There are 2 protein chains.
Amino acid sequence: MRERIVGRLARGDQRLTSSREALVAVLAVSDRPLTIPEIGAADGGLAVSSIYRNLTMLEEVGVVHRVVTASGDFAHYELTEDLTEHHHHHLVCSGCGSVEDFEASSQLEDSVRDAARRIARRSGFRIDRHLIDLIGLCPNCA
Amino acid sequence: MRERIVGRLARGDQRLTSSREALVAVLAVSDRPLTIPEIGAADGGLAVSSIYRNLTMLEEVGVVHRVVTASGDFAHYELTEDLTEHHHHHLVCSGCGSVEDFEASSQLEDSVRDAARRIARRSGFRIDRHLIDLIGLCPNCA
DNA sequence: CAGAGGATGATAGTCATTCTCAAAACTCTG
DNA sequence: CAGAGTTTTGAGAATGACTATCATCCTCTG
């Protein structure tokens with residue numbers, strides 16, 4: 001995976017510095033998208049401004065993905081699906097804003113792909129990603 | 001519909017003032033979620049602070065729904081689905097951030113409901129809403 | 001009509017995120 | 001290894017969407 005990340009960075013004329021590697025390492029270990037404060041806490045040595053700058057850049061070259069929830073305080077970040085090779089969706093708590101991952105049935109995925117194709121044809125949009133959120137209350141908030 | 005809105009406001013000890021009615025009227029006419037600047041432009045007489053305050057309140061009593069997109073500048077607002085009686089999802093342009101509505105096939109809806117039930121049982125979340133976004137480039141941005 | 005309670009709108013504040021810029025770290029050549 | 005050139009870093013300032021404040025205005029009830 002490291003190699004693929006280096007490749008994507010290179011395509012954008014960027015290098016894998018130690019801060020960037022630390023960022024990616026934190027995200028790789030987590031099984032859910034993390035907020036900036038969470039990332040900062042997980043690796044104490046990173047400056048907030050550098051975390052923001054590097055996450056933005058890593059998103060541009062397709063290493064990282066930004067997840068925005070309706071309870072709009074902090075954005076969450078995760079590695080992109082084609083790096084983790086783990087297509088998944090999100091379970092969002094409308095109480096505390098936390099985000100969990102879940103995997104959809106292949107039947108559901110087929111239905112979405114089908115819908116996307118049909119909508120693309122009708123609307124003229126070029127669709128390249130879909131997103132399914134289940135929204136409710138986590139055990140803690142319920 | 002006006003009556004149902006008045007009822008929901010009353011449940012939260014709120015009245016349907018003329019500004020609030022104007023807000024709802026703007027949203028009712030649109031076939032897609034609108035940003036605050038768009039709402040302000042559609043009805044020139046509304047103060048920005050009042051638009052924000054009333055939209056927040058209307059969301060609390062379940063009249064209006066806030067839509068947040070990843071291209072995170074402005075939030076978009078629409079009437080809730082149980083008022084319009086029109087269950088729909090969103091087609092989001094990652095270029096300009098615009099949002100269109102689309103309706104999903106009943107097969108897709110069934111699959112999502114099914115997944116939600118299964119996930120709820122396994123995770124302990126109480127799921128009460130789902131959200132499907134198709135993300136890509138609109139004809140203008142492509 | 002008086003007066004109380006809520007609604008409005010201009011303005012000031014908040015806070016996640018982005019920008020700035022000087023200092024530090026890396027890269028490359030000789 | 002020295003040193004010039006370039007990139008990255010980090011602390012703090014700036015931005016901008018959104019929220020709070022508060023004096024004024026409306027809208028009811030009596």
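Heavy-atom basis, side chains included; hydrogens, waters and symmetry copies ignored. Every chain is numbered from 1, with letters handed out A, B, ... down the list of sequences. Quick caveat: nothing in here was measured; it's all calculated off a predicted structure.
Using a 4.0 Å cut-off, no side-chain N or O of A/Y52 falls inside it from OP1 or OP2 of C/dT18.
In this structure, A/L16 atom CG and D/dT9 atom P are separated by 10 Å, rounded to whole Å. One can place CG of A/L55 at 15 Å from C1' of D/dT9, the figure rounded to the nearest angstrom. One can place CZ of B/R66 at 13 Å from P of D/dA17, the figure rounded to the nearest angstrom. Per the geometry, CG belonging to B/L58 stands 13 Å off P belonging to D/dT19, to the nearest Å. In this structure, A/E21 atom CD and C/dA25 atom C1' are separated by 16 Å, rounded to whole Å. In this structure, the NE2 atom of A/H76 is 13 Å from the C1' atom of C/dA16, given to the nearest Å. Rounded to whole Å, the distance from CG on A/D43 to P on D/dG10 is 10 Å. For the pair B/D73 CG and D/dG16 P, the computed distance is 12 Å after rounding to whole Å.
Ion pairing between B/R32 and B/E38 holds under the 4.0 Å rule for side-chain N and carboxylate O.
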Detail all sub-3.5 Å separations between protein N/O atoms and N/O atoms belonging to nucleotides 4-10 of chain C.
residue : atom : partner : partner atom : Å
C/dA7   : OP1  : B/Q14   : OE1          : 3.0
C/dA7   : OP1  : B/R20   : NH1          : 3.3
C/dT8   : OP1  : B/T17   : OG1          : 2.8
C/dT8   : OP1  : B/S19   : OG           : 2.5
C/dT8   : OP2  : B/N54   : OD1          : 3.4
C/dT8   : OP2  : B/N54   : ND2          : 3.3
C/dG9   : OP2  : B/S50   : OG           : 3.0
C/dG9   : N7   : B/R53   : NH2          : 2.5
C/dG9   : O6   : B/R53   : NH2          : 3.4
C/dA10  : N7   : B/S49   : OG           : 3.2
C/dA10  : N6   : B/S49   : OG           : 3.4

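Side-chain atoms of B/H87 and B/E81 form a donor-acceptor pair, as typed in the model, at a separation below 3.5 Å.
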Test log, rule side chain to side chain contact (heavy atoms under 4.5 Å, CB included), inputs B/S123 and A/F102: CA-CA 10 Å; B/S123 67; A/F102 77 88; over 6 Å; no

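Applying the ring-ring contact (aromatic ring centres under 6.0 Å, His included) criterion to A/H88, with sequence neighbours excluded, gives A/H86, A/H90.
Of the candidates A/L55, A/N54, A/I5, A/L55 is the only one forming a side-chain contact (heavy atoms from CB on, under 4.5 Å) with A/V64. With respect to A/Y77, the side-chain contact (heavy atoms from CB on, under 4.5 Å) criterion is satisfied by exactly one of A/I36, A/L23, A/V67: A/I36.
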